[in-house]
Protein chains: 2
Amino acid sequence: MSADERRTQLVEAAIQVMCRDGVAGATTRAIVAEAGVPLGVFHYCFRSKEELLQEVLETIVGRGLHAALSTVGRRRTPRAAMRASLRALWEVVEKNPEEHLVTYELTQYALRQQGLAALARRQYDHYVTSNVRYFEALADATGVRWKKPLPFVARLVATQLDGITLRWLVDRDTEQALAMLDACVDQVLSLTRPARVTGRS
Amino acid sequence: MSADERRTQLVEAAIQVMCRDGVAGATTRAIVAEAGVPLGVFHYCFRSKEELLQEVLETIVGRGLHAALSTVGRRRTPRAAMRASLRALWEVVEKNPEEHLVTYELTQYALRQQGLAALARRQYDHYVTSNVRYFEALADATGVRWKKPLPFVARLVATQLDGITLRWLVDRDTEQALAMLDACVDQVLSLTRPARVTGRS
DNA sequence: GTCTATAGGAAGATAGAC
DNA sequence: GTCTATCTTCCTATAGAC
């Protein structure tokens with residue numbers, strides 16, 4: 001097995017351990033045990049544990065594990081489309097609560113480490129750009145126009161999703177989470193003008 | 001010095017250490033060093049480190065360190081009043097970034113610990129009830145009426161503040177944070193009807 | 001109650017045989 | 001490269017003198 005495969009294997013194992021036991025529980029020993037490799041392997045794949053954690057963070061960011069809007073469904077109104085997108089996203093959240101909890105833990109870990117704060121920023125910017133793409137697609141599909149800069153709208157939604165997700169991780173109140181998602185839709189729609197013509201481009 | 005004073009002394013020291021070095025850095029040694037007491041003191045004040053952490057969490061929750069609305073200023077319109085309240089709250093956040101970061105870390109710590117999840121829930125409920133009281137006062141002062149149940153409005157705002165704060169801790173973009181606070185005001189106002197009579201009760 | 005000294009274990013990292 | 005055995009350090013917790 002190549003050294004590079006080994007690295008990804010350990011990164012995946014680390015993520016699994018983190019989901020189960022938290023970031024604090026992801027010791028080098030727990031990680032290699034999860035991967036089924038001897039302890040010594042760790043240090044000829046990674047210079048240090050911090051190097052592994054950095055790669056874990058990059059992997060999670062790249063994977064877009066966190067809550068960000070993606071595909072626009074084929075719906076009539078912007079409201080129906082965005083509502084459906086948010087519901088789809090929310091299913092992902094509720095299916096992998098641990099993974100999302102890990103994301104929050106890693107963000108905070110990054111904020112505490114000198115030099116990793118930039119990674120946390122990249123992570124959060126990633127959500128915004130994803131949402132920008134989404135809203136461009138939504139405008140394209142439904143013809144809505146924006147009253148505010150798209151990056152601002154995207155940021156608003158990313159931030160709300162962040163808060164809603166964290167809240168849900170605490171109390172697991174799905175009903176309230178869905179209600180807040182709907183409120184988020186209303187808020188975004190209040191920042192739009194109706195389509196100039198009712199057709200699509 | 002009484003045993004009870006010692007406990008609070010250590011709890012305060014723990015909070016200070018956590019602000020500086022994070023929850024992970026708050027070892028028993030670091031805490032007693034911060035408090036200026038010998039290591040042995042720790043274990044005749046607390047049965048274990050977990051017992052201390054629990055008291056730290058309760059202290060922070062009770063103190064309402066986290067973002068929740070409080071006093072209603074004397075303003076003409078609901079918009080001006082709520083905007084001022086949010087700005088006041090935001091000043092507190094920006095003055096103590098570390099303390100707020102600690103709050104997030106502790107929440108996640110609690111979510112990982114068997115039996116402490118209830119404390120995290122209490123913590124988050126606390127923000128909602130604070131906001132409920134605030135909005136009651138706001139209605140009282142300005143005469144606005146609510147289209148949605150007050151607990152829902154309160155929860156919405158608590159969740160948004162949570163997201164906005166976390167986002168700001170990552171990128172420290174004050175301008176964007178303030179813009180999102182304003183959007184939050186608009187959202188809340190869209191859930192109100194204007195006052196029946198323009199005077200106050 | 002108070003504090004020193006130390007136990008006992010787990011952590012990250014390495015040395016060195018193969 | 002691979003893995004075992006070990007080093008060093010730091011942790012929580014306790015034992016026991018005062």
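Atom C1' of nucleotide D:dT6 and atom CZ of A:R29 are separated by 10 Å, given to the nearest angstrom. Here the P atom of nucleotide C:dT6 and the NE2 atom of B:H43 are 19 Å apart, to the nearest Å. Distance, A:F46 CZ to D:dG1 P: 14 Å, rounded to whole Å. For the pair B:L53 CG and D:dA13 P, the computed distance is 10 Å after rounding to whole Å. Here D:dC3 presents its C1' atom at 10 Å from CZ of A:R6, a figure rounded to the nearest Å. Rounded to an integer number of Å, the gap from CD of A:Q9 to P of D:dT2 is 11 Å. If you take CD of B:E51 and P of D:dT14, they are 12 Å apart, rounded to a whole angstrom. Here the P atom of nucleotide D:dA13 and the CG atom of B:L52 are 10 Å apart, to the nearest Å.
Looking only at atom types and distance, the side chain of A:D162 has no donor-acceptor partner in the side chain of A:Y127 under 3.5 Å away.
Of the charged side-chain nitrogens involved, at least one lies within less than 4.0 Å of a carboxylate oxygen, so that A:E12 and A:R63 count as a salt-bridged pair.
For A:R47 and B:V41, each mapped to the nucleotide of DNA chain C holding its nearest heavy atom, the one lying further toward the 5' end belongs to B:V41.
In this structure, B:R155 contributes its side chain and A:M180 its backbone to no donor-acceptor pair below 3.5 Å.
Residue contacts shown for A:Y44 include a base, since a base heavy atom lies under 4.0 Å away. As judged by a 4.0 angstrom heavy-atom cut-off over every strand, A:V37 is placed among residues making no nucleic acid contact.
The one candidate from B:V132, B:L138, B:L86 that meets the side chain to side chain contact (heavy atoms under 4.5 Å, CB included) condition with B:L69 is B:L86.
Here the nucleotide nearest the side chain of B:L39, chosen from C:dA5, D:dC3, C:dG12, is C:dA5.
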